Amino acid sequence: MADSFSPSAEPRPDSPHADRLHPSPNHGERRGTDRPDSIILHYTGMADTAAALLWLANPLSQVSCHYFVFEDGRIWQMVPENRRAWHAGRSSWLGETDMNSRSIGIEIANPGHDLSKMPPEPGAYPDFPEAQIEAVIRLVADIKARWAIPDRRILAHSDIAPGRKVDPGERFPWARLAAAGLGLWGEPPPVPANASAYRMGDEGMPVAALQAMFGRFGYGIEVTGVFDKRTEDTVTAFQRHWRQEKVDGVADGETLARLRALMAPKA
Ligand SMILES: [Zn+2]
C-alpha cells in the first residue's frame, strides 16, 4: 500500500517532521469532506511500543493513525493525511459523529493508565518524555499550519469519546501546547471558595445550564437537568484536558470557571 502515498515520485511523508513512512493498510476515503479540520491526540495504551506499532499496521486490528510518535521523538507516518484513518471510533464533537473523516490522528507511545480499574486512578501512568513532547509540538504545529486547523479542534481522544476513552490523559501537557500556540487554554480569575459544585445525582436548572454549556463547547452531552453518568464522564474528560490537577467528575467552581474562560470571546 506504500504507493498510496504518492503515485509518481518516491513516497515521502506529508509532514517534513516525520522521519519515515510505516504504512498501515487500515484506512479509507474521508466521508462528507476531503480535508481534515481537527487533530486528535491519543496515547497507545500498550506497555510495548513495538507491539503497538504492529497492531496499528495489522489488517486484523482495524485501527490505525496518521502519525506515530515514539518516546525518543521519532515520528513515523502510517496513513496519508488525505485518507481516513481509523483511530477515533464512536465519537462526537460539535454534533459531528464521524470524527475519523474530519481529523488527523496522532498516536503517542505511552503505556497509559491501568484500565483494569475504571475509572482509572488519576495521574497513575508514566510521564511523556521531553523529546516526545517536543516532537508532538513540532508535528501538530506543522499540521495545524498546513490545514488551517482551528485551535478549538485540537482535541484529546477523551474529549470526543468521554467515558469510553481516557487518552492521552491528565499527564499530557496541554498547557505547553497552548503556550506554543496550539489548542485552547484558559486561565480564569480566582474562584470564590463558596462557589457551587454539582455532582452525580444533582438535579435542576443549574445542572441543565452546565450541560448546555459543555454541549455548546463541543462535547456530546444531552441536556437532561439530571447530573447523570454521561454528565460525570463529560466533566471528567474536560478535567483531563483543561483542569488536570483534580480529575474527579465534580463540576466545581474551578472547573466551570475554566470552561467559561475557554468559551469567552478572545479580546
Ligand atoms: Zn485513543
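All values derive from a computational prediction rather than experimental measurement.
Applying the side chain to side chain donor-acceptor pair (under 3.5 Å) test to H113 and every residue at least two apart in sequence or in another chain returns Y43, E170. Residues satisfying the salt bridge (charged side-chain N to carboxylate O under 4.0 Å, His left out) test with D114, not counting sequence neighbours, are none. Every residue two or more places apart in sequence or in another chain was checked for a salt bridge (charged side-chain N to carboxylate O under 4.0 Å, His left out) with D228, and none qualifies. The ring-ring contact (aromatic ring centres under 6.0 Å, His included) search around W76 returns H22, F70, not counting sequence neighbours. Under the salt bridge (charged side-chain N to carboxylate O under 4.0 Å, His left out) criterion, D19 pairs with no residue at all, not counting sequence neighbours. For S101, the side chain to side chain donor-acceptor pair (under 3.5 Å) partners are R84, D98, not counting sequence neighbours. Judged as a ring-ring contact (aromatic ring centres under 6.0 Å, His included), and not counting sequence neighbours, the contacts of H87 are H42. Listed by chain and residue number, V69, E71, I108, A109, F128, P129 satisfy the side-chain contact (heavy atoms from CB on, under 4.5 Å) test with Q132 (two or more places apart in sequence, or in another chain). With sequence neighbours excluded, the residues forming a ring-ring contact (aromatic ring centres under 6.0 Å, His included) with W93 are F217, Y219, listed by chain and number. Qualifying side chain to side chain donor-acceptor pair (under 3.5 Å) partners for T224, counting only residues two or more places apart in sequence or in other chains: Q211.
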Identify every side-chain donor-acceptor pair in residues 186-205 under 3.5 Å, counting partners at least two apart or on other chains, and give the distances.
residue: E187; atom: OE2; partner: W185; partner atom: NE1; Å: 2.9
residue: D202; atom: OD2; partner: R199; partner atom: N; Å: 2.9

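Side-chain N or O atoms of W55 include none that pairs as donor or acceptor with a backbone N or O of M46 at under 3.5 Å. Listed for the T44 side chain is a donor-acceptor partner under 3.5 Å among the backbone atoms of N110. Side chain of H241 to main chain of D159: no donor-acceptor pair is present (N/O by atom type, distance under 3.5 Å, no hydrogens or angles). At distances below 3.5 Å, not a single donor-acceptor pair connects side-chain atoms of K144 with backbone N or O atoms of G183. A donor-acceptor contact shorter than 3.5 Å links the side chain of S24 to the backbone of L56.
D167 and K165 are not joined by a salt bridge, as no carboxylate oxygen comes within less than 4.0 angstrom of a charged side-chain nitrogen. We find that D14 and R146 are not joined by a salt bridge, their nearest charged nitrogen and carboxylate oxygen being 4.0 Å or further apart. Between E130 and R176, at least one side-chain nitrogen of the basic residue sits less than 4.0 Å from a carboxylate oxygen of the acidic one, meeting the salt-bridge criterion. We find that E96 and R102 are joined by a salt bridge, their nearest charged nitrogen and carboxylate oxygen being less than 4.0 Å apart. Using a 4.0 Å cut-off between charged side-chain N and carboxylate O, D142 and R138 make no salt bridge.
Applying the side-chain hydrogen bond (donor to acceptor under 3.5 Å, both in side chains) definition to pairs two or more places apart or across chains, those involving residues 247-256 are Q239-D248, Q239-T255, R243-D252, R243-T255, D252-T255, E254-R258.
Considering only heavy atoms from C-beta on, L115 comes within 4.5 Å of P120 through its side chain. I104 places none of its side-chain heavy atoms less than 4.5 Å from the side chain of I40. R164 has its side chain within reach of H157: a pair of non-hydrogen atoms, C-beta onward, lies under 4.5 Å apart.
Atom CD1 of I106 sits about 5.5 Å away from atom CD1 of I39, to the nearest 0.5 Å.
Counting non-hydrogen atoms of neighbouring residues, nucleotides and ligands closer than 6.0 angstrom, the CD atom of E134 exceeds 12 such neighbours. Within 6.0 Å of CZ on R90 lie no more than 12 heavy atoms contributed by other residues, nucleotides or ligands.
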Please walk me through it: do F214 and L256 pass side chain to side chain contact (heavy atoms under 4.5 Å, CB included)?
CA-CA 9 Å; F214 278 106; L256 295 174; 4.1 Å; yes
Please assess E29 against R83 for the test side chain to side chain contact (heavy atoms under 4.5 Å, CB included), listing each intermediate value before the final yes or no.
CA-CA 6 Å; E29 293 279 330; R83 301 284 291 172; 3.1 Å; yes
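In terms of heavy atoms, N100 sits closest to W86 at ND2-CA, 3.7 Å. When all heavy atoms of N26 and S64 are compared, the pair lying nearest together is O-OG, 2.5 Å. Here the shortest heavy-atom pairing between R153 and D37 reads CD-O, 3.1 Å.
Test V140, I149, V136 against L182 for side chain to side chain contact (heavy atoms under 4.5 Å, CB included) and you get one pass: V140.
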